[in-house]
2 protein chains.
Amino acid sequence: MATTGTDMSRMREMNQLSIVWALRGHPPSTVTELARRAGLSRPAVDVLVQALVVDGWAEVEEPGGSSVVGRPARRFRFRATAGHVLGIDIGVHKILVMLSDLEGSLVRTVRRPADPQAAPEARLAAVDGVIDEVLRDAGMTPGDIWAVTVGVTGPVDATGRTTLSTPLPGWRAADPAAHLAARFSCPIQVENDCKLAAVAERWNGAAQDADDIVFLLAGLRTGAGLILDGTLRRGHGGAAGEIGALKAVRWLTAPGHLESCPGIPATAAPGEAAAWVFQAARDGDRDAKAAIRRYTRDLAVGVAALVLALDPQVVVYGGGFSRSADVILDPLRRELAKHCLRLPELRASTLGDESVALGAVRLALDEVDSRLLSDGLAAPAAPRR
Amino acid sequence: MATTGTDMSRMREMNQLSIVWALRGHPPSTVTELARRAGLSRPAVDVLVQALVVDGWAEVEEPGGSSVVGRPARRFRFRATAGHVLGIDIGVHKILVMLSDLEGSLVRTVRRPADPQAAPEARLAAVDGVIDEVLRDAGMTPGDIWAVTVGVTGPVDATGRTTLSTPLPGWRAADPAAHLAARFSCPIQVENDCKLAAVAERWNGAAQDADDIVFLLAGLRTGAGLILDGTLRRGHGGAAGEIGALKAVRWLTAPGHLESCPGIPATAAPGEAAAWVFQAARDGDRDAKAAIRRYTRDLAVGVAALVLALDPQVVVYGGGFSRSADVILDPLRRELAKHCLRLPELRASTLGDESVALGAVRLALDEVDSRLLSDGLAAPAAPRR
DNA sequence: CTGAATAATGCTGAGCAGTTTACTAATCCG
DNA sequence: CGGATTAGTAAACTGCTCAGCATTATTCAG
């Protein structure tokens with residue numbers, strides 16, 4: 001614990017930050033309200049917030065129709081558009097780019113299908129194209145972006161590479177951070193998709209109230225992201241949550257139970273077989289229900305391992321299959337109960353397939369915040385690496 | 001992130017704390033050295049440290065034989081004896097109580113064997129006896145103790161009970177925190193033994209350099225404690241690390257491979273069978289080596305689950321069997337390699353069976369520190385709950 | 001033994017940030 | 001139009017840190 005000494009300029013910086021924190025996430029506020037929220041006196045807040053306005057971090061909203069007696073107060077608002085961040089999901093089948101302001105409001109979202117077989121260079125070129133489109137639509141340049149976070153499939157090491165394993169063809173040698181660094185001078189972060197989705201569910205999704213979360217990204221592949229004590233846990237080498245690699249955990253073969261269900265029309269594409277099974281189960285099909293039971297039985301072993309290892313409050317079921325959570329959660333819960341000491345809540349994702357990109361946005365915003373805390377508030381500007 | 005406003009008195013408090021932090025863990029220091037460490041000016045440090053001396057947090061060491069030219073500097077030292085904490089290990093076979101000063105130096109350690117069959121009341125009475133002995137030897141009263149942490153076997157919930165499971169007879173209904181609260185008015189914490197041992201290994205043991213640690217408490221029972229990003233993780237219900245409850249993980253039966261090893265003398269007590277096998281393996285006995293292989297094969301499944309779930313930097317092998325780590329680590333490492341994506345370092349505990357009590361001391365000290373950070377430095381006194 | 005050299009201490013004034021208090025300004029309502 | 005109410009603002013005050021300089025205690029050379 002390295003408590004470091006403080007002088008008065010640092011104190012002012014901290015107080016200015018506390019005003020920023022009091023402004024954000026609230027409707028436009030009067031000086032009095034800010035003073036109460038930040039625990040400072042009115043005159044002090046007045047001076048600080050004026051400085052924030054001058055620097056461009058805040059803006060005044062001239063008083064509207066105030067229905068109370070007395071002199072109407074100026075209301076100050078955090079200038080969320082002072083900076084923007086990008087959250088990018090590079091998936092096997094799609095590329096999703098989100099542009100967000102500093103408060104997390106999405107300015108622009110563009111989704112493009114991707115060729116599952118595309119080589120890394122082609123995939124990254126496609127990403128560049130989507131980014132260009134987003135920036136053009138928003139009238140921005142790369143210099144306006146303060147942080148970029150990219151979600152990819154597979155465990156991500158400290159350099160932003162996925163050297164251990166990934167289903168994206170050729171991707172083990174790819175270096176998306178280096179690729180983006182050529183265009184963006186701001187901090188660039190690459191992160192595993194499951195981890196980002198977990199972050200998103202805690203931010204805006206199904207687990208906003210929980211501090212200990214296991215997120216399952218369930219689809220034709222299965223992965224997990226872990227949030228403990230409110231913070232994403234990556235593990236020493238960035239490979240936390242890769243319980244699916246354990247042979248005793250049948251995550252690799254679990255979705256096969258769905259695809260091998262009797263009755264699937266021969267015309268169904270590989271990705272559609274599972275959806276057919278889920279629909280059939282909803283309609284009461286016995287074979288489909290049995291297939292789901294087999295799927296959840298295999299899935300539950302790995303989930304139980306995570307639950308027993310981490311004792312989370314909530315397990316969020318997300319990913320492509322989460323649309324069919326209505327027919328999966330109950331069987332899964334029953335299977336889990338057989339293994340666990342204490343059963344956590346089991347919830348369905350509310351963010352669907354936008355969770356990865358949303359989590360990327362959140363992590364990029366966190367990066368901006370941590371720069372603010374360490375470097376203080378100079379006039380708003382894109383941080384450099 | 002609730003950044004709160006700061007005024008000048010709070011700033012002084014923080015600076016005083018930063019002086020305390022700069023004093024602790026260093027040899028007696030001059031004002032100049034403190035100023036450098038705390039990032040403050042000499043005059044400021046001078047005033048602050050004098051106040052600390054007046055309040056009893058620090059003491060002056062009159063200059064000894066200084067061999068340098070010039071006026072000899074006063075040297076200040078953290079008054080570690082201003083307060084003390086207790087770390088208590090309530091084991092199945094032993095009770096271990098450690099009295100430590102605020103710097104973590106052990107003042108007094110007393111170990112007593114315990115009856116494995118003792119009922120909770122008898123066990124707690126025995127604990128009281130050991131505590132009395134420790135306090136008497138040190139010339140202290142319960143009022144001199146600032147924090148108490150107790151280690152017990154089994155997952156501990158938020159109230160300090162072990163309602164889920166524990167091998168201590170009748171202990172599920174026991175409430176050691178309430179029992180101790182009758183005598184101590186300071187904060188009392190109950191924690192799982194594996195978790196405490198993990199804390200100790202990071203503090204003073206085999207994993208001081210690591211932030212992500214899986215600690216194995218291996219003996220006739222097997223358990224785990226997790227440290228992630230430098231902090232003990234308890235899980236939402238305090239049951240993190242209980243991977244041994246998973247049926248696919250054969251931790252319950254793993255030690256049986258050792259006890260059923262052919263060649264064990266019939267005279268050996270149950271607890272000594274394992275030790276005999278380890279010694280026989282050292283001497284080259286094939287059966288013993290095979291038994292160890294079977295043991296590590298079963299152990300490795302659960303360890304691999306933890307490693308894959310958390311991706312730690314280090315796995316520490318501790319507990320009763322850790323004395324025989326020389327014949328266990330290599331086979332275990334080989335088995336682990338079969339399961340894991342990335343093999344963490346595997347190390348033997350250096351604290352042996354004192355780790356639980358030491359971890360309890362560390363957690364009690366952490367409790368004191370967090371009180372200091374939140375309540376500030378009044379004159380040193382035992383905090384109340 | 002004395003005085004120069006050295007290094008730490010202690011003191012004083014300047015500067016800065018936030019608080020308190022009192023006063024002025026703007027609006028609503030009767 | 002005046003009183004009530006609330007917001008903004010100026011001045012005095014407190015408390016803190018810092019820089020610089022005088023003071024003090026010690027060593028060492030002559």
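Of the candidate nucleotides C/dG18, C/dC11, D/dA25, C/dC11 has the atom lying nearest to any side-chain atom of B/Pro43. Looking at the side chain of B/Arg74, the nearest of the listed nucleotides C/dT20, C/dG10, C/dT27 is C/dG10.
An end-to-end axis angle of 10° holds for the helix from C/dC1-D/dG30 to C/dG30-D/dC1, taken from five base pairs per end and rounded to 10°.
Atom CD1 of A/Ile188 and atom OG1 of A/Thr149 lie 9.5 Å apart (nearest 0.5 Å). Distance CD/B/Gln16 to CG/B/Leu48: 5.5 Å, rounded to 0.5 Å. Note that CD of B/Glu367 and SG of B/Cys186 are 9.0 Å apart. Values are rounded to the nearest 0.5 Å.
Rounded to an integer number of Å, the gap from CZ of A/Arg12 to C1' of D/dC16 is 16 Å. One interatomic measurement links the two molecules: CE of B/Met14 to C1' of D/dG15, which rounds to 16 Å at whole-angstrom precision. B/Met8 places its CE atom 8 Å from the P atom of C/dG18, with the value rounded to the nearest Å. Following rounding to the nearest Å, A/Arg42 (CZ) and C/dT19 (P) show an atom-to-atom distance of 12 Å. We find that CE of B/Met11 is positioned 12 Å from C1' of D/dT14, with the value rounded to whole Å. One atom, CD of A/Glu33, and another, P of D/dT6, lie 13 Å apart when rounded to the nearest Å. Rounded to a whole Å, the CG atom of A/Leu34 is 15 Å from the P atom of C/dG18. Taking atom CD of residue A/Gln16 and atom C1' of nucleotide C/dC16, one finds them 15 Å apart after rounding to whole Å.
Within the 4.0 Å cut-off from OP1 or OP2 of C/dT19, not a single side-chain nitrogen or oxygen of B/Arg10 is found. Applying the 4.0 Å criterion to OP1 and OP2 of D/dG8, one finds that A/Gln50 has every side-chain N and O outside that range. For the OP1/OP2 pair of C/dG18 and a distance below 4.0 Å, the side-chain nitrogens and oxygens of A/Asn15 include at least one atom meeting the criterion.
Within residues 23-31 of chain A, no residue has a heavy atom under 4.0 Å from DNA chain C.
A parallel orientation is assigned to the rings of B/Phe78 and B/Trp57, their planes being inclined by less than 30° (bins at 30° and 60°).
No side-chain heavy atom of A/Arg74 sits less than 4.5 Å from a side-chain heavy atom of A/Thr30.
Nearer the 5' end of DNA chain D, as judged by each residue's closest nucleotide, is the contact made by A/Asp46, out of B/Val47 and A/Asp46.
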Show your working on side chain to side chain donor-acceptor pair (under 3.5 Å) between A/Arg42 and A/Thr32 and close with a plain yes or no.
CA-CA 6 Å; A/Arg42 261 205 318 280; A/Thr32 311; 4.5 Å; no
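With salt bridges taken as basic N to acidic carboxylate O contacts below 4.0 Å, none links B/Asp212 and B/Arg233. Salt-bridge check for B/Arg202 with B/Asp211: passed, with a basic side-chain N closer than 4.0 Å to an acidic carboxylate O.
Every residue meeting the salt bridge (Lys or Arg N to Asp or Glu O under 4.0 Å) condition with A/Asp366, not counting sequence neighbours, appears here in chain and number order: A/Arg362.
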